[in-house]
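Here the structure is laid out as C-alpha cells; the discussion comes afterwards.
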Amino acid sequence: MIDLIFPDGSKRSYDDGASGRAVAHSIAPSLAKRAVLVKLDGELLDLDRALPHGGRFELLMRDAPEALETIRHDASHVMAEAVQELFPGTQVTIGPSIEDGFYYDFARDEPFSLDDLAKIEQRMKEIVDRDEPITREVWGRDEAIAHFKSIGEVYKAEIIEGIPADQDVSVYRQGAWKDLCRGPHLPSTKAVGKAFKLTKLAGAYWRGDHRNAQLQRIYGTAWASEADLEAYLHRIEEAEKRDHRKIGRALDLFHMQEEGRGMVFWHPKGWQLWRTLEAYMRRRLDAAGYVEVKTPQVLDRSFWEASGHWEKYRPNMFVCETVEGEELSLKPMNCPGHVQIFKVGLRSYKELPMRMAEFGACHRYEPSGALHGLMRVRGFTQDDAHIFCREDQIVSETEKFVRLTRLIHGDLGMQTSYVALATRPEIRAGSDEFWDKAEGMLAEAAKAAGVDVVIMEGDGAFYAPKLDFVVKDAIGREWTCGTLQLDYVLPERLDAEYVAEDGTRQRPVMLHRAVLGSFERFIGIMIENFAGAFPMWLAPVQVVVATITSDADDYARQVADTLRARGLRVELDVRNEKINYKVREHSLAKTPVIAVVGRREAEEGKVALRRLGSDGQQILGVEEAANLLAMQADPPDVAEGSAQRTASTPHEAAGAMEA
RNA sequence: GCCGCUUUAGCUCAGCUGGUAGAGCACCUCAUUCGUAAUGAGGGGGUCACAGGUUCGAGUCCUGUAAGCGGCACCA
C-alpha cells in the first residue's frame, strides 16, 4: 500500500501500482478526465504511470503553471512526429522545452524552408486532433540501441549509448511514433492544445560542439491558451521595437557600416550619452579608491608573446606590420599593460590593494557570426580595472566589487538577471585544491555582498573561476555586463612582485574586473531597457526650448542660455513650425522636458514645462524652472552627495545615504 | 566560422507568373506665425548590395561574393 497526502492535508491509502488516473477516478471521474499530470513530492509524473511511492500528491490540470513546461515538451514531440511524417528519412535528435517554448533538432540533408514551417504547423494540429494516446514503455538499454539503429536513428542510438549499461530507458509511444525520452508527458496529443506557433529555423551543432555535424533546429512557442499565445506574440513584437539598433537609428545615437564591421560611429547624441556615463563611472571609481591610467593601443609582438596572448589569443588579434618589418598588435585586453605600470619601481605591500582602472579601448577579431549591434563588436571600450592584491584580500576586494557593481547597475536602471559563478572547466590549469579554494572565495564574497549566485559549471577561464553579471536584452538574450575574474597566472608570467612585511618578494594576485563590461554593450542594453527614454541625467538632450511663434524667439534664446548656465543640455527649436509638430517631434525623440514659450511666457518671464509621457504643463518662472530642472538632472551619485551635505548631523547623513 | 533567410531612395516598405522603378516619412524651395503628438503646395533624389551568367529583354531567373538578420559555436 502507498499513502498519499493531498493538498488539503487529507490522507488516503492506495494499492501498490495505482496510477494518478486511478487516484483521480477514486475522487471523481470528472477529475480523471481533466487531470493531465501528477505531482508527487514535487516531481512531475505521467498521469497513467504507477505511482512509485507515497507522499505529497497533487493532480495537475492542463492550465496549471507546472504543466506548461510539459505542454511545451510535448509540443516538441508532436512537431517531431509531424516532421517525420512529412519528411521521411529525417532523423530526430533532442527536443526540449525552453523558456516560452521548445525546439527540436533534426538531421536532414535538405534544408527546411520557411514554407515547410507552415506545413509542419498544420500537421501538428492534425496530430493534436488525432488525440493519440502518449504511453510510457520501459526498454532494456541494448534493446533500445538496437531498435533505434534499425530504424536509422543513429543520433538517438548514440544518446542511449551514453546511458550506463545496466540502466533501462523509457520510450514514449505517441500513436505510431515513438521517441526516447525521460518524460513526463501529457496523456494524449490532444492535451497539447493548439496554442503554439513555429517561430524560427536555425542551425545548431550536435551536442553543442562545432566539430560535430550541424543539425536543423526548429523553434516554436507554446502556451496553455490561445490568449496566452497572443499575449506572448504581442510582447515579442513590442520588445522588438526596443531593439537598440532601431532606436539607435531613430534617435541618431550611432551607426555602423560595412567597411568597419563591428565598429561603431558614435553620433553627437550617442557620444553625449557615453560621456555622461563615463563621467559618472569616473566619479564612482574615484570614490571607490581606484587610480586611473591609460596604456598604449598598439604594442609589439614580443610584448604579446610575453603575456601569452600571441600563443593563445592570436586568431582574435588585429595584427599589423610596419614598413620597417615590425609586427604589432592592437591590444585585445588591457591587463598586460596594467602589469607594466605595476612593475615600474619596487612595490610595497603597503600599496596593496592597488586598484588600477582604465577606460580601455580594445580590439578583438570576433567571429563574423557573433557580431550583434552594440552588444558584440570588434572595437570596444571596457570599463576595465585590475586589482593587485594579496591572497588574503581577495574576498574583501571581491565583496567590494560586487557591492559597487550592484550600486552602479542600480543607478543605471539595470536589471541583473543573475550573477553567475563560472567554475572549473574540464581543461584547466591548477590543482583541485586550488579550484576549491578559488571558487570558495568568490562564492563567499558574493554571499557577503548579499548576492545569490547561479553556478555555471565548467564556464570558468582555464586558470581561474569568475563572477559574471548577466543581464537580458529586450527580447531575452543574455549578455554579460560586469565580470570579475581571479588570476594568479599573469602576475607570474609577467613577473609582477611586491615587497612583503618580512622583506621577501611576493607575487600579487590580480582581479580583472569590469562593472559595465564594455561601454558599447552596456549602452546597448540601456537603450533597450529605457526604450530610448533615458532618465533626465542620462538623456543626451535634457530640455528643448520650443517657441510657438517667432515673437518669442529672443526670449527663448534667453531661457535656453539660463538653463545652459546651470549645466543643462539644452536645444533651441525656433523653427517656423506649429507647436503641435514640435511637441510631437521632440516627444518621439524622447526628450525628457519640452519648455514651451510663446508670447504669454515671454511677457510674464515664464516657461511651460511639458514632461515626456504626460500632456500636462507646469508653468514656472525661468529661475525657478532652472533650479528645479538642474536638480532633477543631477546624476544619482551627485544627488547622494548633496543629500549628505544638506543633512545637519552625521547621523542624518548616514540615513540619507541609505535612502 | 557554421546553418538558414534577407538586401529596391536617408528611413520603412510596394513592385503578380521577366517588358525597362513607386508610396509614405525625411530632405530642399515657397507660402503659412498657427498655444502642447504631423499646415499646405511644389521640387530633387535610386547603375534595384556587388560581380558574372541565362534571355531579344533581368529589380524579378541562375551562380558567386559581401554585408545585414535569426540561431549555433565563440564571447565583454
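Just so we're on the same page: letters track the sequence lines, and every chain starts at 1.
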With a 4.0 Å cutoff (strictly under), does any side-chain N or O of Lys582(A) reach OP1 or OP2 of C34(B)? no
How far does the P atom of C16(B) sit from the matching atom of C72(B), given to the nearest Å? 35 Å
Would you call Glu278(A) and Arg275(A) a salt bridge, using N to O less than 4.0 angstrom? no
Using a heavy-atom cut-off of 4.0 Å across all strands, would you classify Lys466(A) as base, sugar-phosphate, or nothing? sugar-phosphate
Of the listed A76(B), C74(B), U33(B), the closest approach to the Ser550(A) side chain comes from U33(B)
Which of the following nucleotides, C75(B), C72(B), G70(B), is nearest to the side chain of Arg521(A)? C75(B)
Counting only Watson-Crick pairs (N1-N3 plus N6-O4 or O6-N4) and G-U wobbles (N1-O2, O6-N3), all under 3.5 Å, who is the partner of U65(B)? A49(B)
Indicate yes or no: does Arg355(A) engage Glu397(A) in a salt bridge with an N to O separation below 4.0 Å. yes
Could you list all the side chain to side chain donor-acceptor pair (under 3.5 Å) pairs where at least one residue sits in residues 514-525 of chain A, not counting sequence neighbours? none
Does any donor-acceptor pair link the side chain of Tyr205(A) with the base of G1(B) at a separation under 3.5 Å? yes
Under 4.0 Å between a side-chain nitrogen and a carboxylate oxygen: does that hold for Arg235(A) and Asp100(A)? yes
Opposite nucleotide pairing with C27(B), Watson-Crick or G-U, both atom distances under 3.5 Å: G43(B)
When you measure from the centre of the six-membered ring of Tyr232(A), is the NZ or CZ of Lys197(A) under 6.0 Å away and within 45° of the axis? no
Distance (rounded to the nearest 0.5 Å) between Ser97(A) OG and Tyr103(A) OH: 10.0 Å
Once you apply a heavy-atom cut-off of 4.0 Å, does Tyr219(A) come out as touching a base, just sugar-phosphate, or nothing? sugar-phosphate
Residues from residues 400-426 of chain A sitting under 4.0 Å of RNA chain B, heavy atoms only? none
Nearest heavy atom decides the nucleotide; on that basis, is Leu516(A) or Pro367(A) closer to the 5' end of RNA chain B? Pro367(A)
Arg207(A)/Glu158(A) ion pair, N-O < 4.0 Å: yes
Show every side chain to side chain donor-acceptor pair (under 3.5 Å) that has at least one partner inside residues 593-609 of chain A, sequence neighbours left out. Asp551(A)-Arg599(A)
Please work out if Ala514(A) contacts a base, only the sugar-phosphate, or nothing of the nucleic acid, heavy-atom cut-off 4.0 Å. nothing
One thing to verify: whether Arg477(A) and Glu528(A) come together as a salt bridge, which I'm taking to mean a side-chain N less than 4.0 angstrom from a carboxylate O. no
Could you pull out the protein-nucleic contacts involving nucleotides 4-13 of chain B (nitrogen or oxygen on both sides, under 3.5 Å)?
from, atom 1, to, atom 2, distance (Å)
U12(B), OP1, Arg249(A), NH1, 3.0

Expressed as a whole number of Å, how far does the P atom of G64(B) sit from that of G4(B)? 11 Å
Using Watson-Crick or G-U wobble geometry with both distances under 3.5 Å, which nucleotide pairs with A76(B)? none
Would the base of A76(B) count as contacting Thr480(A) through its side chain, where contact means a donor and an acceptor less than 3.5 Å apart? no
Rounding to an integer number of Å, can you tell me how far Tyr104(A) OH sits from G71(B) C1'? 19 Å
Paired to U36(B) by Watson-Crick or G-U wobble criteria (both distances under 3.5 Å) is none
Please determine, for G19(B), whether a Watson-Crick or G-U wobble partner exists with both distances under 3.5 Å, and give it or none. C56(B)
In this structure, is the centre-to-centre distance between the rings of Phe106(A) and Tyr104(A) below 6.0 Å? yes
Compare every heavy atom of His512(A) with every heavy atom of His386(A), then report the nearest pair and how far apart it is. NE2-ND1, 3.1 Å
Polar-atom pairs under 3.5 Å, protein N or O versus N or O of nucleotides 64-69 of chain B: list them with distances, or write none.
from, atom 1, to, atom 2, distance (Å)
A66(B), O2', Glu258(A), OE1, 3.4
A67(B), OP1, Arg261(A), NH1, 2.8
G68(B), OP2, Arg261(A), NE, 3.0
G68(B), OP2, Arg261(A), NH2, 2.4
C69(B), OP1, Arg245(A), NH1, 2.9

Taking a pair to mean Watson-Crick or G-U wobble geometry with both distances below 3.5 Å, G70(B) pairs with C3(B)
Mutual orientation of the aromatic rings belonging to His255(A) and Phe265(A) [parallel < 30°, tilted 30-60°, perpendicular > 60°]: parallel
Would you say Leu273(A) and Lys269(A) make side-chain contact, with heavy atoms under 4.5 Å? no
Please report, rounded to the nearest Å, how far the P atom of C75(B) is from the CE atom of Met456(A). 12 Å
Across nucleotides 35-40 of chain B, 5' to 3', mark each nucleotide with B, S or - according to how protein heavy atoms within less than 4.0 Å reach it. BBBBB-
Ignoring hydrogens and angles, answer whether the base of C75(B) and the side-chain atoms of Arg378(A) contain a donor-acceptor pair closer than 3.5 Å. no
Looking at the rings of Phe87(A) and Phe112(A), which for Trp means the six-membered one, are their centres under 6.0 Å apart? yes
Checking side-chain polar atoms at under 3.5 Å, does Asp411(A) have a donor or acceptor matched by the opposite partner on Tyr280(A)? yes
Under 4.0 Å, heavy atoms only, any strand: does Gly482(A) hit a base, just the sugar-phosphate, or nothing? nothing
Partner lookup for A9(B), please. Criteria are Watson-Crick or G-U wobble with both distances under 3.5 angstrom; report none if nothing qualifies. none
